[in-house]
Each structure stands twice: as C-alpha cells, then as structure tokens.
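Single-structure report; data block below.
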Amino acid sequence: MSDLLANLNAEQLQAVSLPPQHALILAGAGSGKTRVLTTRIAWLIQSGQADPAAILAVTFTNKAAKEMLARLAAMLPVSPRGMWIGTFHGLANRLLRAHHRDAGLPQLFQILDAADQLAAIKRLLKALNVDDEKFPPRELQHFINGQKEAGIRPHAVEAWDDYTRQRVQLYQEYEAQCQRESVVDFAELLLRSHELLERNEPLRRHYQRRFRHILVDEFQDTNRLQYRWLKLFADEGREGGAAMFCVGDDDQSIYRFRGAEVGNMRDFEREFRVANVIRLEQNYRSRSNILDAANAIIRHNTNRLGKNLWTDQGAGEPIRVFEAFSDGDEARWIVEEIQQLVREGALRSEIALLYRSNAQSRVLEHQLFSAGLPYRVYGGLRFFERQEIKHALAYLRLIANADDDTVFARVVNFPTRGIGARSLEVLQDAARTYNTSLYATVPHLSGKPGSALAVFVRLVEDLRRDTAGLPLPELVDHVLDASGLRAHYKAEKEGRERLENLDELINAAANFLAEAQAQRAPEEAAAAHALLADFLAHASLEAGEHQADPGADAVQLMTVHSAKGLEFNAVFLSGLEEGLFPHENSLLESDGLEEERRLMYVAVTRARERLYLSFAQSRMLHGQTRYNLRSRFLEEVPAGLTKWLTPPNPRSAAGGEFGSMRAGAGGGYFKPSAPVQRAPRPAFAPLPNGLRIGQAVSHAKFGQGVIVAAEGSGTDAKVQINFGPAGVKWLLLSVAKLEAA
DNA sequence: TTAACCACGTTTTTT
DNA sequence: ACGTGGTTAA
C-alpha cells in the first residue's frame, strides 16, 4: 500500500489520503488529476476503508472511464468487482435497466442519440402537421433538452407567451411519442433516473447507503441536472451521506455552450460545506516558458477560484511566434517547421496542430498532403454514426423493439422496396387513428397481404425468428444479408468502404460478446436477444473512435476543444486572430471572452516542450478573404517568453491606439528555425478599390488614418481604419468618402 | 426513384 | 468554399 502513495507530492498525497469527507480538488492542467482520482479509489479499497461496491466514480467520456478502469486494474492486485465506474449517461442507463418497471420503461427501451432525437422530432412535427419553419426542429430539440437539463417536465414549464406555450405542447407530444416507442434520449436518461430515485425512497436509500464514496472527474463540466443527480446519491451532503470527491479546474471550463455550469464548483463548496479544498498546482507536463505564458494569459480572467501553476522542469525553448501573409502561407510554414522537427527526430504523433474551428483544418490538410506528411484529423464521423452502421443498427433495433418508429421509418424503404412518401403518409395517419406504432399499424391497412409494407413486416418477423438462437456476431451477419444491406452496398460504386464498415460491425459485436462473456456467466451471455439490447445501448452511448489507425505515427489535427485532456511534445496553435480566436460570436455572449481565454489556456497547456503560435493577415473564410488583426491573446503572452520569427508588426496588432502595441518587443527578428526557402514577401493583398492594409487615408470628419483591416467585397466591402485620437472605425467603402493620403 | 439543382448556413461537442 | 437538405424534373 505504501508504494501506492509513493511519488505523490504533498498536495496529491493529502488529497488521496483524505478521510471520508467532502473534497474539492482544484487540479490545474498537467497536475496529475487522473492519477489522484484513481489512486484515491485504489487507496480507499486497499486500505480497507471502503468496499469496492461502495465506490461510485463518474466521468464524462467513455474514454476517461476506460482509462480510469485500466489504471485501477494496474494498481490493484485483483480487478475489484462491484465498483460503479462510468459516464453519467452510462450509469443512468444501468439504473434504468435495473429498475425499468419503477421507471415506467420496458426492459428493452432504446436510446436515441442526438441525430436520432432530431429525426424523431422531425417525424413528430410532420405527424402533427406542424410548420417546421415556425418551429425549426433543431431549435425545438435545443428547447426540449434545455428543459430536461433544468429538470423541468412540460407541465412545469413557465410559459408566458404563445410561442413558448406551443413549444411546451410539442415537448409534451414528443415525450408521449418517446414513451409510445419505448425510446429514451440522452437527457431523458439522466432526468428519468433522477426522478426514479427522487420518488422512490426505499430505492434511493438503498443506493445512498451503498455508495459511500462518490468521485467526480471534470467537475467543472457538469450541468445543472448532473449536479442534482450527484446530490441525490450523496443525500444532499447530509450527515451520514456519501463523501463527495470532486476534481475539476475552473480555468478549463470550456463547455458552457452545451450546458456546463462552472458555478457548480462554488455551489458544491457551499452546499456541502466543503472543508477540504486542495489545489494541485505543480505541473508535470510543460516547460516553464509555456506554463508562464499560460498563467499570464489566464490571469486576465476575473472570477477565478485561483491557481498558479509551476514546474521545476526549467524554462525550455522560447515560444515561437509567426506572422503569415495568408492562411496558406501559415500552413506552409507550419509544415516546414514540422518537417524540421521530424528531421530532428520528433515523432509525428507527438506533434499537434490545433485550431479554434474545424473550417481551419482544410488549408492545413492541403499543405500536409502536398508535403506527404501523414496526418490524422479528429472530429469527423465516428463509427456508430456512419450511415451504413446506422442502417444496420436500425434493423437490429427493430428485432429488439418493432414499435420504434424512428428506426422503422429509417429502413422501411432502405434498401428501396417501393415504399414511397405517399404510402408512409397513409401509414402514419392510420397509426395516429389506431394509436399504434407504424409497425403494428400495417395489418390494419386495407392493402393486400402482398403489399410492399406487408412484405417489410414479414421481413422483420423473419429476422426475429431466424436470429433467435444465434450468437451476437452471427446475428448481425445474418441481418446484414437478409435485410439486403450488403447487396445494396455491393451494387453501389462507392460502397466498398461501407461494406468494410459493416464487416467491422460484426467484429464490434464479436468483441462485445467476448467482453460480456468475460464479465458474466457464459450461459447468460449466450442468450442472443438479451445481449442484443445491451449491444444496442452500447452503440448509442459510445459512438466509437473518430477514425481508424489511431496507432499510426501521424501529425494530430484537432480543435482546441477536442485537445482538452491530451498532451504533446510540440503544439502548433494556428489562426490566432481577432474574430477567429477569440471567435467573433463569443464577444456577444456574456462571459464569452473569458471562455475563449480559458480555451486559449487549454490550448497552451497542451504543450510539453515546444509551442508555436501563428496568425495570418488574410484568411479565406466562407468563400471570402478576410483581413484580421492578430489575437489579443497573443499580446497577453509576456514578451520575454517569445521569439518572433517575423518582425513584430504594429499594423496587425489588435486594440485601440495605432502603434501602441509592443513596439520593438519580442527580441527582434529571427530567421525561421527550419532552413527553408520562403516565398518572397508579397505586398499586402490589394483591396477592391486599390486600397491596401496599412495604407494611409484621410476622411473629412475623422481626419488622418491607416487601414488596419478589411472584409467583404463589392458594395459590402468595408475597411477598419485607425484614426488615432478619433478611434478605430469600420467604414463601408460604398458610403464613406476616403482619400488616399 | 433517382439525379440534378438551389438555397442555406457555417464555433466549439459528449452522451 | 463547401457540404447538407429539400425541392423539382426526368
């Protein structure tokens, strides 16, 4: 046991070995957060303070849950059964399956992912003849999820205007539809399990007595409902309730847009009267130049819980800063630097290329591709989100539950079997009249037994009968053939990859079966249809990897958001421009700029050894060339930590007074560290009227000024001009009378 | 039923 | 610029 605690620093040790009391661990980036969390669990068990069954550990992503399990397996002599470790949604699913009757659900309820939910809403609007222009499905989805995450059912929504009342009506209809079809969306998993325990006191007491230790990862990302869910398990922090051990970093809260409430940290501290607030401030990841930059940036935020990271690893290399003429120029420079790093022996997979928005990956990919550098982009479609996989899963879901109208509608005519929109409309109307599912309505139709719809129903019946005794992988295999999916993609010109993915689905099923057999009695796992439901839940809750080849030695491209939690030897952060990063939309939101700054903080703290910051004077966005100022976040990096590879250019500086920014700062001009030929400097790209960035102009009212930025074209063309004492203004070229000065 | 066409939107994302 | 989704014509 002593070796468990060895090599922990004082604060980590304090956190890990805390008595069973509530604790809030403020864990800075790279401070060993996951280590503390898992060591805490291992220590509680190994020291005999807690039975494994008394542990409830909650994460946000399946990846984090898996990593925690893997680390625990390495720390503990035997794999401790009985712990509940998983995501909020995974654990909620587990609860609802175990107590489905009390929760008012059939045992085989299906889970809707976000896309399924949207499809269900569209179908609902159509069935109710609601104008989807007036009630955009996406917005309605957002409304419904928002209410659920606030814990509000339709009857409890406070609606003061007609529009809201109508949306509440639709919310109610949506719930009825889900209940009819035995489907549950993500927010519903949490809300339903919360209500289950809230209403059922014996059950609640059971779990409250069972779980003595509740540990939460990434606590700053919890939403209101998730926090309430946790509080229920912890008996609201009352005497005798479980000990809450929450780990988080308010400086890394970057998910407010999807409902995360950093305020939960303060609420937790207050409501649970947390006596142990422990700060993990020693960073084991980055060189101090990088860390100091991160600290300096985040210091500009107010309302922090307060932390200052330090390291004993030494300063390391200066942070390289590069100003490019264009996005293409920037990408070319990045590729050259990467090639130089690789020549020096760097592993490609240890180099990350980060950006604020996905649209930026295009230029970067183009240059990487031209240079023949292997790369991997995160953020595309994931395995279980692919069209062909969704179709295959839809057939499987019909076997498990034929009354699921979402999947019925999805595959009733895929592959095509002559069931057009017209027949579906008739069927839908009939289903409403009989108040039955689409599937169950087919026999009611006056159509002959040989009708296309009747044939489809027969197909589903046959599938269910023929697969009844099959092991899961063979079941899937059979469905792929009998449904006609294989034949369909075989006939398609571009169907090869899709066929491969379908085969991969069989592999996924085989893996799932193997894991199930390892965990339960083999005879239990052998029951094919029972396992099928579990497999389908797994597919909904865990969308899988983003792309194949995760092991390949390739440069890693991703948004700053998806880089959270990762680390790399070298990080390139591109597009550091006003409007892009911080994103222009964020400036309109309250606390938006501070969230962008936290994002910047996350980006910078991903780097271990080397950090490269770059921006471009012009950038292609939405088919138009935009001229941006460099990001204010760049100015927040102390000059002593950086090394400008291009001369600091006052014209591209953000902020008010022209030329007031960092004149002569940064240590002068340095050649690019790679021995590369750069294209000769083009002049600033001319704007429509022959004006240029940096050009002096005069205006009748504002006087002398200099063009600092421009955007739009034709009659929309406008330029930003710094008039010195008269301020910085945007002027429409078609309106303003400007004269070259 | 399918291909062709146009309008539309375009920050970030997990479950 | 570029992909998506919906409508229209063949």
- request: Please report, rounded to the nearest Å, how far the C1' atom of B/dT10 is from the CD atom of A/Gln360.
  value: 13 Å
message: Without decimals, in angstroms, what is the distance between A/Asn223 CG and B/dT14 C1'?
response: 11 Å
query: What does A/Tyr255 touch in the nucleic acid at a heavy-atom separation under 4.0 angstrom: a base, only the sugar-phosphate, or nothing?
result: sugar-phosphate
query: Of A/Ile419 and A/Asn585, whose nearest nucleotide on DNA chain B comes first from the 5' end?
result: A/Ile419
- prompt: Checking A/Arg192 side chain against A/Ala92 main chain: does a donor-acceptor pair fall under 3.5 Å?
  reply: no
- line: A/Arg256 CZ to B/dT12 C1', in whole Å, measures 12 Å
message: Once rounded to the nearest 0.5 Å, what's the spacing between atom NE2 of A/His89 and atom CD of A/Glu542?
response: 14.0 Å
- prompt: Taking atom C1' of B/dT15 as reference, at what distance in whole Å does atom CH2 of A/Trp229 sit?
  reply: 13 Å
- prompt: Of the nucleotides B/dT11, B/dT13, B/dT15, which has the atom closest to the A/His583 side chain?
  reply: B/dT11
- prompt: Has A/His561 got its ring stacked on B/dT12, by the test of a centre gap below 5.5 Å and a plane angle below 30°?
  reply: no
- prompt: Do the two ring centres, one from A/His488 and one from A/Phe414, sit under 6.0 Å apart?
  reply: yes
B/dT15 base stacked by A/Phe60 (centroids within less than 5.5 Å, tilt under 30°): no
message: Between A/Ser586 and B/dT12, is there a contact of a side-chain N or O with OP1 or OP2 at under 4.0 Å?
response: no
query: Are A/Glu577 and A/Arg632 ion-paired here, with the side-chain N under 4.0 Å from a carboxylate O?
result: no
Nearest-angstrom distance from the residue atom CG of A/Leu566 to P of B/dT14: 11 Å
message: Regarding A/Ser562, tell me which of base, sugar-phosphate or nothing describes its non-hydrogen contacts under 4.0 Å with the strands shown.
response: sugar-phosphate
field: Candidate nucleotides B/dT14, B/dT2, B/dT12, ranked by approach to the side chain of A/Thr416 - the nearest
entry: B/dT2
field: Pair A/Glu388, A/Tyr489: side-chain N/O donor-acceptor within cut-off below 3.5 Å
entry: no
message: Once you apply a heavy-atom cut-off of 4.0 Å, does A/Asp221 come out as touching a base, just sugar-phosphate, or nothing?
response: nothing
task: Answer yes or no: is there an ion pair linking A/Arg397 with A/Asp116, defined by an N-O contact shorter than 4.0 Å?
output: yes
message: Once you apply a heavy-atom cut-off of 4.0 Å, does A/Ala187 come out as touching a base, just sugar-phosphate, or nothing?
response: nothing
task: Name the closest nucleotide to the A/Leu541 side chain, picking from B/dT15, B/dT11, B/dT2.
output: B/dT15
query: Pairs counted as Watson-Crick or G-U wobble with both distances under 3.5 Å: what dot-bracket string results for DNA chain B, using | for bases tied to another strand?
result: ||||||||||.....
message: Any side-chain N or O of A/Thr87 below 4.0 angstrom from OP1/OP2 of B/dT14?
response: no
query: In whole Å, what is the span from the CD atom of A/Glu218 to the C1' atom of B/dT15?
result: 14 Å
query: Please give, in whole Å, the distance from B/dT13 P to A/Arg598 CZ?
result: 17 Å
task: May I ask you to test the A/Lys390-A/Phe384 pair for a side-chain heavy-atom distance under 4.5 Å?
output: no
message: With a 4.0 Å limit, can you tell me whether A/Asn62 has a side-chain N or O closer than that to the phosphate oxygens OP1/OP2 of B/dT14?
response: no
query: What does A/Glu589 touch in the nucleic acid at a heavy-atom separation under 4.0 angstrom: a base, only the sugar-phosphate, or nothing?
result: base
- request: Quickly work out the A/Leu621 CG to B/dT10 P distance and round it to whole Å.
  value: 12 Å
query: Would you say the side-chain atoms of A/Gln220 pair up with the backbone N or O of A/Asp249, donor to acceptor, closer than 3.5 Å?
result: yes
Ring pair (Phe, Tyr, Trp, His ring centres under 6.0 Å) partners for A/His583, two or more places apart: none
message: Regarding A/Glu181 and A/Arg123, does a basic nitrogen lie under 4.0 Å from an acidic carboxylate oxygen?
response: yes
message: Treating primed atoms plus P, OP1 and OP2 as sugar-phosphate and everything else as base, which nucleotides of nucleotides 1-10 of chain C get B, S or - for protein heavy atoms under 4.0 Å?
response: BSS--S----
- prompt: For B/dT13, does OP1 or OP2 lie under 4.0 Å from any side-chain N or O of A/Asn358?
  reply: yes
Pair A/Arg598 + A/Asp251: basic N to acidic O under 4.0 Å: no
